[in-house]
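Worth saying up front: this structure is predicted, and the values here are computed from it rather than measured. This chain uses plain numbering: 1 for the first residue, then up along the sequence.
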Amino acid sequence: MGDGAKAIGSSEMSAMKHIASPSSSGFLPNANLVEISTEVCQQVGGIYTVIHSKIPAMMRRWGRRYCLVGPYNPAAAAAEFEQGSMDDIFGQAARTMRGRGYDVHYGRWLVTGRPNVILMNTQSVMHKLGEIKYFFWEHHHISIPDDEEVNFTLAFGHMVREFLWTLLHQTQPHPAVIAHFHEWLGAAAIPDLRRDRAPLGMVFTTHATVLGRYLAMADGGFYDHLPHVDWQKDARRFNIEARVRLERAASHGAHVFTTVSDVTGNECRCLLGREPDFILPNGLSIERFSAAHESENLHRVCKEMIHKAVMGHFFPSYSFNLDRTLYLFTSGRYEYRNKGFDIVLESLARLNHRLKQMRSDVTVVLFIISKRPCRSINADVLNNKAVMEELRRTCEVIKDRLGDRLFQAAAMGAMPDLNELVDEYWRLRLRRTMQAWRTDRLPYVVTHDLWDNGRDDVLNQLRASRLLNAQGDPVKVIYHPDFITPSNPLFGMEYDQFVQGCHMGLFPSYYEPWGYTPLECIARSIPAVTSDFAGFGDYITKHYPDCEKNGVFVIHRRNHSDSEAAEEMLNYLLGFIKMDLRERIAMRFRSQTMAEGFDWHHLARRYDDAHVLALSRSGS
């Protein structure tokens, strides 16, 4: 049973055992599972990773009795969605809805397993928004303002509710249906479904409470003050009362309420007023990552790709030994304090000072990857990249010409003068390109022209810490306020490849309900730092007491100051830097072995418990 099973009564346990009669065709052979999220077929945040990576495990359990529901986004759907025939129970329900004037699309998600998917165009019901809001007030006393995000949520919820009722009427007697909703944005259908006693089981998973995220950003003592929060007062203070009330209505209306970690479970008790029935940790499809020896080869290949980006950024100003360089990175939504960017920068500033004192020959390059509003890539940064490519092409031509002529001369028995084997044109071209390549300015800290350069918290801390890429500083910084993609002119690689090529990920979060980034690191054999305030870090400390030697270091932020957390991370980084290559390779192997415990093959079983209980409580 999942971690929340202790809250389940004995009568419910026996009912679950009665319902849960596994068969070769699935866990609940007579039921259909509908999973609802606004991140189905479109990547907005971390829930996309939850849904997307879990699909192979869900398909093994449910097969074609599994369907996902999300909003229709034409731009995202063009790459992720394939229209399909409406010949099964989900397609028939979609056809019926289309006949009633709803714009719904049925087909397959173009990912491993190719699951059934329904995408709903919320614009097709926006003309009903006034009526939808009226009944939310009439039935649930929730007043809804004119807010674009809330409007979308209500429209999507209305279409989901209509779809589920339509699905229930496809056969007589009605089919057994479990609806699993993710986040308040995808769960606006729950209050009315529960009010109307819809004959289906409902599970609601919150991945982070709306109010909790706001409070954590505004309150340095968030965890100490959490038990005493007046949720109505603070929801009004942040002007998010409608969102919070919708989230509370969903959590209390669902038959089964779940969250992703004990850290968030405590948050739910205090802010939503309901104890989670289950803790459902997030996982990954670990099997899709490479075997250990293949991961090491991939690390080497991807590191070479990062080398090129680093050379283009730094080497016009000065050079350093890439063989004695370590690549560290932090990434995620731009929440300066919540994501622990402040601790990372403070720790790296201290590391810079310590490495100078030690006269170390190691260079550390820190990448900060977080999407920010910007005009464009800095012109000088882009020019450096272009000149480096020209330098590379020139050297390739010279190499080819030199090789051919050297072979010819050697075959003729002559010992040639190497200078004579290269035409003067190419020697001059190489010299001109090298001169154009050099610059007297320091390498930029940020790769793009930010709209709010003077008010950016990361840049301001870098300035205050004097982490400005001086030649004598062993710690260098590349702040990249954009996604890393193959079309990105500075990196030209997938984000997964970037992670694979780094040496360590740094994520000492202050507020992190789960935290996929460190798990994604160890799944690729890359050590990572997390914190005991992160759901993942909290879970690791409880279940893997030897996690540090396996490549996951948990910073102690609970009951510790920010300065103490930064010093703890500094000492860990110094220990990592002192490791030799063999020790780091061994740690990478151990980290991937530990990651196997987070495979959805194991963790999806906890979802089974939640689904069975929801069906039991619904009386369906």
Side-chain angles (χ1 to χ4, degrees), residues 25-26 28 31-45 47-126 152-153 155-171 174-183 185-189 200 203 285 288 600 604 607 611:
S25 61
L28 293 170
N32 300 278
L33 175 62
V34 180
E35 197 155 9
I36 302 113
S37 170
T38 55
E39 296 199 36
V40 168
C41 287
Q42 63 171 347
Q43 185 163 10
V44 180
I47 298 171
Y48 177 91
T49 304
V50 178
I51 303 293
H52 172 277
S53 64
K54 185 163 57 68
I55 285 172
M58 302 306 287
M59 290 298 293
R60 281 194 294 269
R61 283 166 162 73
W62 295 90
R64 291 299 157 195
R65 296 176 297 109
Y66 176 56
C67 181
L68 295 118
V69 176
Y72 179 67
N73 177 342
E80 303 217 19
F81 174 74
E82 179 182 65
Q83 202 83 30
S85 60
M86 299 180 176
D87 55 1
D88 61 9
I89 189 172
F90 305 114
Q92 291 164 8
R95 183 189 294 114
T96 301
M97 285 192 70
R98 289 177 72 91
R100 296 177 186 159
Y102 293 100
D103 184 11
V104 298
H105 304 259
Y106 180 63
R108 301 286 174 83
W109 192 350
L110 297 178
V111 295
T112 302
R114 294 170 59 85
N116 304 316
V117 66
I118 302 275
L119 298 182
M120 302 178 168
N121 185 355
T122 57
Q123 291 302 314
S124 68
V125 297
M126 283 299 178
F152 160 79
T153 299
F156 181 60
H158 175 76
M159 294 186 76
V160 169
R161 181 171 64 87
E162 289 297 313
F163 169 74
L164 290 172
W165 274 114
T166 304
L167 182 65
L168 287 167
H169 287 95
Q170 288 305 303
T171 63
H174 66 75
V177 175
I178 302 162
H180 192 143
F181 301 83
H182 292 269
E183 286 290 82
L185 290 160
L200 79 168
V203 179
S285 289
R288 73 183 175 90
W600 278 121
Y607 276 71
H611 295 149

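Here salt bridge (charged side-chain N to carboxylate O under 4.0 Å, His left out) pairs that include residues 107-126, with residues two or more places apart or in two chains, are E82-R114.
Of all heavy-atom pairs spanning I51 and I55, the tightest one is O-CG1, 3.2 Å.
In this structure, the side chains of V104 and M159 come closer than 4.5 Å at one or more pairs of heavy atoms. Inter-residue side-chain proximity for S124 and Y72 is flagged as unmet; no heavy-atom pair is nearer than 4.5 Å. Under the 4.5 Å side-chain criterion, counting only non-hydrogen atoms from C-beta, F90 is in contact with V34. At least one side-chain heavy atom of R100 sits less than 4.5 Å from a side-chain heavy atom of T166. L119 has its side chain within reach of V40: a pair of non-hydrogen atoms, C-beta onward, lies under 4.5 Å apart. Contact annotation: the side chain of M97 never approaches that of Y106 to less than 4.5 Å [non-hydrogen atoms, C-beta and beyond]. T112 is not listed as a side-chain neighbour of S285, based on a closest heavy-atom distance of 4.5 Å or more. Within the 4.5 Å cutoff, the side chain of T49 has no heavy atoms near those of the K54 side chain.
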Derivation and outcome, side chain to side chain contact (heavy atoms under 4.5 Å, CB included), residues Y607 and H180: CA-CA 10 Å; Y607 276 71; H180 192 143; 3.4 Å; yes
Working for side chain to side chain contact (heavy atoms under 4.5 Å, CB included), residues F156 and V69: CA-CA 10 Å; F156 181 60; V69 176; 4.3 Å; yes
Verdict with supporting geometry, N32 and C67, side chain to side chain contact (heavy atoms under 4.5 Å, CB included): CA-CA 8 Å; N32 300 278; C67 181; over 6 Å; no
Stepwise side chain to side chain contact (heavy atoms under 4.5 Å, CB included) test for M120 and V160: CA-CA 8 Å; M120 302 178 168; V160 169; 4.1 Å; yes
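To the nearest 0.5 Å, the span separating CG on L200 from CG on L167 amounts to 8.5 Å. With values rounded to the nearest 0.5 angstrom, F163 atom CZ is found 10.0 Å from T96 atom OG1.
Taking the six-membered ring for Trp and thresholds of 30 and 60 degrees, W109 and H52 have ring planes more than 60 degrees apart, a perpendicular arrangement.
N116 places a side-chain N or O within donor-acceptor distance of the main-chain N or O of Y66, the cut-off being under 3.5 Å. Listed for the E39 side chain is a donor-acceptor partner under 3.5 Å among the backbone atoms of V44.
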